[in-house]
Amino acid sequence: MKIVVCVKHVPEASDAKFADDYTVDRASIDGALSELDEYAIEQALRLTESGVDAEITHLTMGPAAATDAVRKALAMGGDKAVHVVDDALHGSDAPATALVLARAIERAGFDLVVCGMASGDATMSVVPAMLAERLGVPQVTFASHLSVADGMVRIRRDGDFASEQIEAPLPAVVSVTDQTGEARVPSFRGIMAAKKKPIEQWSLADLGVSPDEVGLAAAWTKVESATRRPPRQAGAIVTDEGEGGMQIAEFLVTQKFI
């Protein structure tokens with residue numbers, strides 16, 4: 001069985017800046033493996049530890065620094081990784097990302113694709129569904145528990161009012177939530193072993209994707225303008241000398257909160 005885990009290298013700092021073209025200036029800040037993708041890695045590893053005979057490939061798309069994401073994923077566990085890197089990818093939106101990842105997944109071969117519930121930067125939660133559409137396979141999303149047996153993938157999806165048991169035939173795409181359990185921390189042994197695991201680099205040409213289909217020029221959505229939010233102003237301090245409640249009420253009325 002072949003499992004592909006999609007992971008993303010995301011900006012680590014909360015004060016990310018925009019470049020001149022209004023894309024995130026990733027070169028000016030540090031990045032890291034998206035925390036939500038760590039749960040996807042963990043669930044893929046747990047499947048193999050539960051007795052599922054599978055090869056795990058971690059897949060990412062992004063600039064050169066994105067290698068760090070798959071390197072950490074390999075330190076957690078797994079067999080190999082693929083990094084799709086191409087200058088033409090700059091500014092790609094979710095549909096373009098799904099196109100490139102789907103082509104890479106098809107080339108790698110797959111029975112199960114595991115994704116996090118969202119990326120740690122855009123948090124759109126749409127790429128798993130788009131991947132399933134591109135690949136022509138079922139999707140079972142927002143899993144809080146995951147298992148595979150008898151050619152089927154089964155999940156439990158916990159909502160506000162009910163828990164659903166959902167299954168689909170393989171091959172399939174699954175997204176998992178942070179309710180699936182803590183992701184493991186890479187051990188020293190795992191970190192050293194990851195240095196010897198193969199990471200293949202594929203270009204758009206390798207995947208048969210035209211540069212015209214990706215990048216900022218092909219994006220369905222793009223940022224037209226951006227202004228840095230002004231710093232928070234100091235708030236008023238109400239000293240309660242018996243009329244504090246009245247002063248707060250007057251403030252709320254003034255601000256039209258009540």
Side-chain angles (χ1 to χ4, degrees), residues 1-10 32-60 69-70 72-82 94 97-98 101-102 105 108-187 190 194:
M1 179 178 179
K2 291 187 174 183
I3 300 176
V4 177
V5 183
C6 295
V7 299
K8 187 176 183 182
H9 190 253
V10 299
L33 171 64
S34 176
E35 182 180 352
L36 291 172
D37 290 341
E38 293 184 14
Y39 297 98
I41 298 167
E42 178 65 26
Q43 291 310 301
L45 296 174
R46 290 189 187 184
L47 286 176
T48 60
E49 291 168 353
S50 69
V52 176
D53 184 12
E55 176 188 64
I56 297 176
T57 300
H58 301 301
L59 169 63
T60 195
V70 289
K72 181 177 179 180
L74 288 171
M76 293 174 66
D79 302 288
K80 59 183 180 179
V82 172
T97 297
L101 291 179
I105 290 167
F110 74 102
D111 295 291
L112 179 67
V113 179
V114 188
C115 308
M117 62 183 286
S119 61
D121 50 359
T123 63
M124 294 177 67
S125 298
V126 297
V127 168
M130 290 180 174
L131 273 179
E133 175 66 20
R134 290 279 188 184
L135 295 169
V137 300
Q139 59 160 320
V140 282
T141 53
F142 299 105
S144 54
H145 182 269
L146 169 66
S147 65
V148 171
D150 303 323
M152 303 288 290
V153 57
R154 295 176 175 86
I155 73 163
R156 187 185 75 243
R157 179 188 294 154
D158 294 324
D160 293 334
F161 304 104
S163 291
E164 303 170 317
Q165 303 289 335
I166 305 171
E167 65 178 28
L170 297 173
V173 174
V174 175
S175 71
V176 302
T177 74
D178 54 2
Q179 297 175 319
T180 52
E182 285 297 317
R184 68 194 66 192
V185 176
S187 65

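This structure is a prediction, so every number in the text was calculated from the model and none was measured.
Of the possible donor and acceptor atoms, none in the side chain of Thr57 sits under 3.5 Å from a partner among the backbone N and O of Lys80. Panel note: side chain Asp37, backbone Lys8; a donor-acceptor pair is recorded below 3.5 Å. A donor-acceptor pair is defined here as one N or O able to donate and one able to accept, closer than 3.5 Å; no such pair exists between the side chain of Asp158 and the backbone of Ser163. Side-chain atoms of Arg134 do not come within 3.5 Å of backbone N or O of Ala129 as any donor-acceptor pair. Of the possible polar contacts, none joining the Ser175 side chain to the Cys115 backbone as a donor-acceptor pair under 3.5 Å is found. Judged by distance alone, the side chain of Thr180 and the main-chain N or O of Thr177 form a donor-acceptor pair under 3.5 Å. Asp121 contributes no side-chain N or O that, together with a main-chain N or O of Val10, makes up a donor-acceptor pair within less than 3.5 Å.
Around atom CE of Met152, more than 12 heavy atoms belonging to other residues, nucleotides or ligands sit under 6.0 Å away. For Glu133, the CD atom counts as loosely surrounded, since its 6.0 Å shell holds 12 or fewer non-hydrogen atoms of other residues, nucleotides or ligands.
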From CA spacing to verdict: side chain to side chain contact (heavy atoms under 4.5 Å, CB included), Thr48, Glu55: CA-CA 8 Å; Thr48 60; Glu55 176 188 64; over 6 Å; no
Side chain to side chain contact (heavy atoms under 4.5 Å, CB included) evaluation trace for Ile155 with His145: CA-CA 5 Å; Ile155 73 163; His145 182 269; over 6 Å; no
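Going from atom CD of Glu35 over to atom OG of Ser119 covers 13.0 Å, rounded to the nearest 0.5 Å. From Glu42, atom CD reaches atom CG of Leu47 across 10.0 Å, with rounding to the nearest 0.5 Å. Taken to the nearest 0.5 Å, the NE2 atom of His58 stands 10.0 Å off from the CD1 atom of Ile3. Taking CZ from Arg154 and CD from Gln165, the interatomic distance works out to 10.5 Å, rounded to the nearest 0.5 Å. Atom-to-atom distance recorded for Arg184:CZ and Leu45:CG is 4.5 Å, nearest 0.5 angstrom.
Counting all heavy atoms, side chain and backbone alike, Ala81 lies closest to Val70 at CB-CB, 3.8 Å. Considering all non-hydrogen atoms of both residues, Gln43 and Leu146 come closest at CB-CD2, 3.9 Å. Closest approach of Ser125 and Phe142 over heavy atoms only: CB-CZ, 4.1 Å. Closest of all the heavy-atom pairs between Ala108 and Lys2 is O-NZ, 3.5 Å. Taking both residues in full, the closest heavy atoms of Ile56 and Ala44 are given as CD1-O, 3.6 Å, listed atom of the first, atom of the second, then distance. Shortest non-hydrogen contact noted between Thr60 and His9 is OG1-N, 4.2 Å.
Residues Pro186 and Lys72 are in side-chain contact: their nearest non-hydrogen atoms beyond the backbone lie under 4.5 Å apart. Looking only at side-chain heavy atoms (C-beta outward), Glu38 and Leu33 come within less than 4.5 Å of each other. Side-chain contact between Cys6 and Leu131: present, with at least one pair of heavy atoms (C-beta onward) separated by less than 4.5 Å. Within the 4.5 Å cutoff, the side chain of Val7 has heavy atoms near those of the Ile41 side chain. Residues Ser50 and Ser147 fail the side-chain proximity criterion, which asks for heavy atoms closer than 4.5 Å.
A side chain to side chain contact (heavy atoms under 4.5 Å, CB included) with Phe110 is found for exactly one of Val114, Val113, Leu112, namely Val113.
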